[in-house]
Amino acid sequence: MTEKTFGPFELQKAYSTEPVPDDFVLRRRISTAMRTLSERVIRAEVDQATLQHWAEQLEAVVATVGEPERRDSKQANRKLFTGAATIEDLYHMMDFDPVSGGANPIAPQVTWVQEGQEGVEGTLRLGQQYQGPPGRVHGGVIAWILDAVLSRALHAAFRLGVTGTLNIRYLAGTPIEDTITCRARITGQEGRKIFIEGSIWHGDQQTVHAEGVWLTPKSLG
Ligand SMILES: CCCCCCCCCCCC(=O)SCCNC(=O)CCNC(=O)[C@H](O)C(C)(C)COP(=O)(O)OP(=O)(O)OC[C@H]1O[C@@H](n2cnc3c(N)ncnc32)[C@H](O)[C@@H]1OP(=O)(O)O
């Protein structure tokens, strides 16, 4: 049987509906364990001997992994634009995303509840490792997440671009260790410039407002 292949407009649907490739099932398990560990180790109140034991165990895992060869992600990108990307290629493009990729251990994991031309909405929970002021998410982490959420609104509308400018207004503290909601939508376009706005909410309270300009590459605009 010939392997199914995908182009740019099938990317998001295939990524959310096709079975997860076997190696990504394992990569996701590794990433989940690493994320859980990061959260639990921060501020853990344990004695010196326990810390020594953990340090040695983790150093042994790092030594086992070594410095493996890495796949060139540009190749998967090129295949996508000719409609020749396999599901494995799509996972290599999407699953290492630093904000919502399941196979990236530093990605906080946004659960997308809505994605379409009219905008996107996702939920997430940020642990201790993302704390800035006590009990609140670090402002830089908020900027990082909103950059990804506003970019997602661009992709959900089948457009491509890079962040040119991102302005953020912090309206109230955003809590760690609780569910928060992020939203974004395209508000306008002038030539290659696409205007996008977004927000973060804790329940009914808006804690952050963001607006920015994304630039479609000259080659596509
Ligand atoms: C498929 C799935 C894969 C999956 C891939 C997943 C990707 C996720 C991406 C997440 C988002 C990112 O992190 S993106 C990474 C962070 N961003 C970057 O690295 C971008 C770095 N900056 C650049 O490359 C460049 O400066 C650009 C592309 C932004 C602009 O360069 P340019 O295209 O040459 O722009 P230029 O011709 O001078 O100007 C065109 C018009 O835009 C305006 N303009 C120019 N720069 C800016 C700017 N920074 N902010 C606002 N507006 C600007 C000008 O005033 C002008 O307006 P007028 O006179 O026409 O009115």
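First listed ligand is number 1; within each ligand, the first listed atom is number 1.
- Residue pairs that meet the side-chain hydrogen bond (donor to acceptor under 3.5 Å, both in side chains) test with at least one member in residues 144-154, sequence neighbours left out, are E115-R152, D147-T163, S151-W214.
- In this view, D23 and R27 satisfy the salt bridge (charged side-chain N to carboxylate O under 4.0 Å, His left out) rule, not counting sequence neighbours.
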List, for ligand 1, each N/O atom that has a protein N/O partner under 3.5 Å away, with both atom names and the distance.
residue	atom	partner	partner atom	Å
ligand 1	13 (O)	D147	OD2	3.2
ligand 1	17 (N)	T163	O	3.1
ligand 1	33 (O)	R192	NH1	2.9
ligand 1	33 (O)	R192	NH2	3.2
ligand 1	34 (O)	K218	NZ	2.7
ligand 1	37 (O)	R192	NH2	2.8
ligand 1	37 (O)	K218	NZ	3.4
ligand 1	49 (N)	G164	O	3.1
ligand 1	50 (N)	T165	OG1	2.7
ligand 1	57 (O)	K193	NZ	3.4
ligand 1	61 (O)	K193	NZ	2.7

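- Salt bridge R169/E211: absent, no basic N to carboxylate O contact under 4.0 Å.
- A chain of hydrophobic side-chain contacts below 4.5 Å, direct or via other Ile, Leu, Val, Met, Phe, Trp or Tyr residues, connects L154 to W112.
- With ring centers used as reference points, Y170 lies 6.0 Å or more from H209.
- Evaluation of the side chain to side chain donor-acceptor pair (under 3.5 Å) rule for T111 yields no partner, not counting sequence neighbours.
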